[in-house]
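Fair warning: this is a prediction, and the values are worked out from it, not measured in the lab.
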Amino acid sequence: MHGVYSSQSRSRPASVDSAETSLTLLERVKARDGEAWRRLVGLYTPLLHYWCRRWGVRNEDVDDVAQEVFKAVIVGLHRFRREGENDSFRGWLHGVARHKVLTLMRRGGVPAVGGAAFHERTQFMADPAPAEPIDEEEAKLVGGLYQSALRLVRIEFGDRTWQAFWRATVEGQPPAVIADDLGVTPAAVRQAKSRVLRRLKEVLGESPRS
C-alpha cells in the first residue's frame, strides 16, 4: 500500500493515502480463483438461504437448493454484466436463484412448504419482474453482507484512509473535523470516503467494472 503522505507533518495536509488497484471479487471468481469463490459463497449464502425460505423451500432442503443455485452461478457468471445504474450482482443472483428454485419445484425436486400455497407461490415467482419488498430480516442480511465486504477490503487501504472513510461514513462526522484531526484537507476526506465506497461496490458487483 502506498501512503502518499505518511511522512507528511500536520502542517502540510495532503491527500489521504490511496488503495492499490486490484481485481474485483467477481473478476477473480471468473478467473477460477478458489479463495475468491469461497469468499463469494460466504458473503451471499445467508441471503440465498433467506430467499429460499421466503419462496417456500423447506428448511431441510435449503442447503441442497443453495448448492444447486451456486452451481448455476458457476456456469452462468460470465453472462453477468452491470449495464444499468441499478444493476448489481445481488440482483442478478436473486434472479438466478428464483429461476432455479422455481424449476426445481416444478420438477418435484424440492418439496415446498404448504402444498396448498404452491401454485400461488410459483405463479408469483414466475412473474418476470416480481415485486418483493425488502423486509426487516432481509435488510439486516444485506447490512451484514456489506459489513463482511468491508472486512475484505479493509486490508487494501492505509489506516488514515480508513479512518477518514469510517468517521465520515459510519460515524457521520463532518469532513472539516476529520480533516483537522488527520492533518489533511476536507477534500481528501471526501475522496477517501468515495474511494472506499467505490471499492466496496466493485467487490460486491455493484459498479460498472464488474
Side-chain angles (χ1 to χ4, degrees), residues 1-31 33 35-48 50 77 80-94 134-210:
M1 197 63 53
H2 302 290
V4 298
Y5 84 120
S6 56
S7 61
Q8 301 270 0
S9 68
R10 283 180 58 89
S11 61
R12 297 179 60 193
S15 61
V16 180
D17 44 0
S18 61
E20 294 178 341
T21 301
S22 57
L23 293 175
T24 71
L25 188 63
L26 296 184
E27 288 170 340
R28 290 171 56 197
V29 170
K30 291 177 183 179
D33 182 324
E35 177 60 27
W37 174 250
R38 285 189 288 273
R39 287 184 175 183
L40 185 77
V41 171
L43 282 171
Y44 287 96
T45 290
L47 262 179
L48 185 53
Y50 166 78
L77 184 59
F80 170 66
R81 296 290 186 276
R82 189 180 184 276
E83 298 175 348
E85 182 178 350
N86 296 322
D87 293 344
S88 68
F89 174 75
R90 177 159 49 94
W92 181 80
L93 178 64
H94 182 276
I134 295 180
D135 61 16
E136 183 177 352
E137 181 178 356
E138 185 169 1
K140 289 181 179 178
L141 289 171
V142 172
L145 172 67
Y146 274 83
Q147 290 175 9
S148 297
L150 278 174
R151 287 193 289 271
L152 290 180
V153 304
R154 171 65 184 90
I155 62 173
E156 299 180 20
F157 296 90
D159 288 341
R160 206 175 300 235
T161 297
W162 193 259
Q163 286 184 48
F165 155 75
W166 190 267
R167 291 173 63 176
T169 306
V170 179
E171 298 179 1
Q173 297 182 19
V177 173
I178 302 170
D180 184 62
D181 287 346
L182 298 182
V184 299
T185 65
V189 172
R190 290 190 290 269
Q191 184 183 40
K193 175 182 176 180
S194 175
R195 185 179 294 126
V196 176
L197 288 176
R198 182 171 62 249
R199 180 61 181 146
L200 179 64
K201 289 182 177 181
E202 285 178 353
V203 167
L204 292 175
E206 298 180 0
S207 71
R209 184 179 172 187
S210 299

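- For Glu171, the CD atom sits in a packed shell: over 12 heavy atoms of surrounding residues, nucleotides or ligands are nearer than 6.0 Å.
- Between Leu150 and Leu200, the shortest heavy-atom contact is N-CD1, 3.8 Å.
- Phe157 has its side chain within reach of Arg195: a pair of non-hydrogen atoms, C-beta onward, lies under 4.5 Å apart.
- Side-chain contact between Gln163 and Asp181 is absent, with no heavy atoms from C-beta onward closer than 4.5 Å.
- Under a 4.0 Å N-O distance rule, the pair Glu27/Lys30 does not qualify as a salt bridge.
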side-chain contact (heavy atoms from CB on, under 4.5 Å) evaluation trace for Leu40 with Leu26: CA-CA 8 Å; Leu40 185 77; Leu26 296 184; 3.8 Å; yes

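- Under the 4.5 Å side-chain criterion, counting only non-hydrogen atoms from C-beta, Val142 is not in contact with Tyr50.
- Contact of the Ile178 side chain with the Val184 side chain is not registered, since no non-hydrogen atoms from C-beta on lie closer than 4.5 Å.
- Using bins of under 30°, 30° to 60° and over 60° for the plane-to-plane angle, the ring pair Phe89/Phe80 lands in the perpendicular bin.
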What's the verdict on side-chain contact (heavy atoms from CB on, under 4.5 Å) for Arg190 and Ser194, showing C-alpha distance, side-chain angles and the deciding distance? CA-CA 6 Å; Arg190 290 190 290 269; Ser194 175; over 6 Å; no

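- Side-chain contact check for Leu25 versus Leu43: some heavy-atom pair is nearer than 4.5 Å.
- Summarising the geometry, atom CG belonging to Leu145 is positioned 11.0 Å from atom OG1 belonging to Thr45; distances are rounded to the nearest 0.5 Å.
- The shortest heavy-atom contact between Leu204 and Tyr44 is O-OH, 3.2 Å.
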Given salt bridge (charged side-chain N to carboxylate O under 4.0 Å, His left out), test Arg154 with Asp159 step by step and report yes or no. CA-CA 9 Å; Arg154 171 65 184 90; Asp159 288 341; 2.7 Å; yes

Going through the checks in order, is the side-chain contact (heavy atoms from CB on, under 4.5 Å) test met by Val29 and Arg39? CA-CA 9 Å; Val29 170; Arg39 287 184 175 183; over 6 Å; no

So Glu137 and Lys140, salt bridge (charged side-chain N to carboxylate O under 4.0 Å, His left out) or not? Walk me through it. CA-CA 5 Å; Glu137 181 178 356; Lys140 289 181 179 178; over 6 Å; no

Check the pair Glu35, Arg38 against side-chain contact (heavy atoms from CB on, under 4.5 Å), reporting the backbone distance first and the verdict last. CA-CA 5 Å; Glu35 177 60 27; Arg38 285 189 288 273; 3.1 Å; yes

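- Shortest non-hydrogen contact noted between Val189 and Pro175 is CG2-O, 3.9 Å.
- For the atom pair OG1 of Thr161 and CD of Glu156, the computed distance is 11.5 Å after rounding to the nearest 0.5 Å.
- Nearest approach of Gly91 to Ser88, heavy atoms of both residues: N-OG, 3.0 Å.
- In terms of heavy atoms, Ala179 sits closest to Pro186 at CB-N, 3.5 Å.
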Going through the distances and angles, do Glu202 and Arg199 end up as a salt bridge (charged side-chain N to carboxylate O under 4.0 Å, His left out)? CA-CA 5 Å; Glu202 285 178 353; Arg199 180 61 181 146; 3.1 Å; yes

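- When the shell of 6.0 Å around CH2 of Trp37 is examined, it contains more than 12 heavy atoms from other residues, nucleotides or ligands.
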